[in-house]
Amino acid sequence: VGTLRRGQVRWVMVALILQVVWLLNQTALYQALYDLVKLPATIGHLLPMVVASNFINFAAPSACLGGIALFLDDARQRGLDSGRVMLVNLLFMAFNLIFFVLLLIFGLIMLSIWHDLKLYQILTAGILLFNFTLLMGSLMIAGVRPKLLLRLLIFSTRLVNRLARPLLKRDIFPDKT
């Protein structure tokens, strides 16, 4: 509160307006995605969920997945297909990641132009781009060949268990196949 009192009212109002515009933009994107998968949704209905979802995603360390539960619970209450609602959230996440990758690449290019690009920045950007590629590839495989994705996930969990067993003396993921 003290920070707001000491701040310049004009800039606090600009920040508040930008925050509202950002939330409305996110809500409009959700509405467009709901329309894409043929689910009923209005800005008025989605806005409170978007605000609450953002709060959960910022407050809890859940890789921005915590807010999805709100949308799935709403789908259950309204009798909507939870698979389609999950798809909407995955597409929303994909759009956010695509935008993030574009900003990351722009930042790396600028650092390179300014001759200020460090090895650790390249390595961390590489890890982020690898994760992005893995997620986008998984989404594409899930859309085209879901059974292949399931086999890949089972293989991955078994591989992680095999690698972790000597260190932890137990499996990380229980084998339920």
Side-chain angles (χ1 to χ4, degrees), residues 1-107 125 127-154 156-157 173 176:
V1 176
T3 302
L4 289 176
R5 265 192 245 137
R6 288 190 305 268
Q8 295 179 8
V9 175
R10 175 181 53 218
W11 291 113
V12 171
M13 293 307 294
V14 167
L16 185 62
I17 290 168
L18 287 174
Q19 184 69 40
V20 168
V21 167
W22 177 65
L23 288 169
L24 288 172
N25 184 48
Q26 278 192 321
T27 306
L29 177 56
Y30 266 110
Q31 185 184 28
L33 292 171
Y34 268 72
D35 288 345
L36 179 71
V37 298
K38 310 282 191 268
L39 290 174
T42 62
I43 296 277
H45 181 77
L46 290 172
L47 183 61
M49 285 194 305
V50 169
V51 172
S53 173
N54 277 298
F55 175 77
I56 290 171
N57 290 337
F58 288 126
S62 61
C64 290
L65 297 174
I68 294 175
L70 294 172
F71 290 94
L72 291 174
D73 185 57
D74 177 67
R76 184 188 52 77
Q77 290 177 9
R78 294 174 50 205
L80 300 177
D81 181 7
S82 60
R84 288 183 185 192
V85 172
M86 190 65 195
L87 177 62
V88 164
N89 281 279
L90 288 173
L91 288 171
F92 183 84
M93 209 165 104
F95 286 133
N96 277 340
L97 285 172
I98 289 168
F99 183 68
F100 170 74
V101 165
L102 291 174
L103 287 174
L104 178 66
I105 290 169
F106 175 75
I127 292 169
L128 288 169
L129 289 173
F130 174 77
N131 287 335
F132 169 76
T133 304
L134 192 65
L135 178 66
M136 289 297 121
S138 298
L139 285 174
M140 285 190 281
I141 292 171
V144 178
R145 298 190 52 201
K147 289 184 180 180
L148 174 62
L149 179 62
L150 180 62
R151 287 196 307 268
L152 287 172
L153 290 173
I154 290 170
S156 299
T157 56
F173 303 107
K176 295 186 180 185

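If you read the sequence from its start, that first residue is 1, and numbering goes on from there.
A donor and an acceptor atom, one from each side chain of Gln77 and Asp73, are located under 3.5 Å apart.
Interatomic distance, NE2 of His45 versus CD1 of Ile43, reported as 12.0 Å (0.5 Å rounding). Atom CG of Leu33 and atom CG of Leu90 lie 10.5 Å apart (nearest 0.5 Å). Distance check: Leu134 CG to Leu129 CG gives 12.5 Å after rounding to the nearest 0.5 Å. Taken to the nearest 0.5 Å, the CG atom of Asn54 stands 4.0 Å off from the CH2 atom of Trp22. Summarising the geometry, atom CG belonging to Asp35 is positioned 5.5 Å from atom CD belonging to Gln31; distances are rounded to the nearest 0.5 Å. Of the inter-residue distances, the one linking Ser82 atom OG with Leu87 atom CG reads 11.5 Å to the nearest 0.5 angstrom.
In plain terms, the two heavy atoms of Met136 and Ala94 that are nearest each other are CE-CB, 3.3 Å. Ala142 and Leu149 make their closest contact through CB-CD2, 3.4 Å (heavy atoms, listed as atom of the first residue, atom of the second, distance). The two residues Leu80 and Pro40 make their nearest non-hydrogen contact at CD2-CD, 3.8 Å. Across all non-hydrogen atoms, the minimal contact from Leu46 to Ala41 is CD1-CB, 3.7 Å. Across all non-hydrogen atoms, the minimal contact from Asn57 to Gly67 is OD1-N, 3.0 Å. Taking each heavy atom of Val37 and Arg84 in turn, the nearest pair found is O-NH1, 3.0 Å.
The shortest side-chain heavy-atom distance between Leu91 and Tyr30 does not fall under the 4.5 Å cut-off. With a 4.5 Å cut-off on side-chain heavy atoms, Leu47 and Val51 count as touching. You'll find the side chain of Val85 reaches within 4.5 Å of the side chain of Asn89, heavy atoms only. Residues Ser53 and Gln26 have side chains not in contact (no heavy-atom distance under 4.5 Å, counting atoms from C-beta outward). In this structure, the side chains of Phe92 and Val50 stay at 4.5 Å or more apart for every pair of heavy atoms.
If you run side-chain contact (heavy atoms from CB on, under 4.5 Å) between Leu97 and each of Leu139, Leu135, Leu104, only Leu135 comes through.
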- Could you walk me through whether Thr157 and Leu153 pass the side chain to side chain contact (heavy atoms under 4.5 Å, CB included) check? CA-CA 6 Å; Thr157 56; Leu153 290 173; 5.5 Å; no
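Within 6.0 Å of CZ in Arg145 there are 12 or fewer heavy atoms belonging to other residues, nucleotides or ligands.
When ring centroids are compared, Phe100 and Phe132 stay outside the 6.0 Å threshold.
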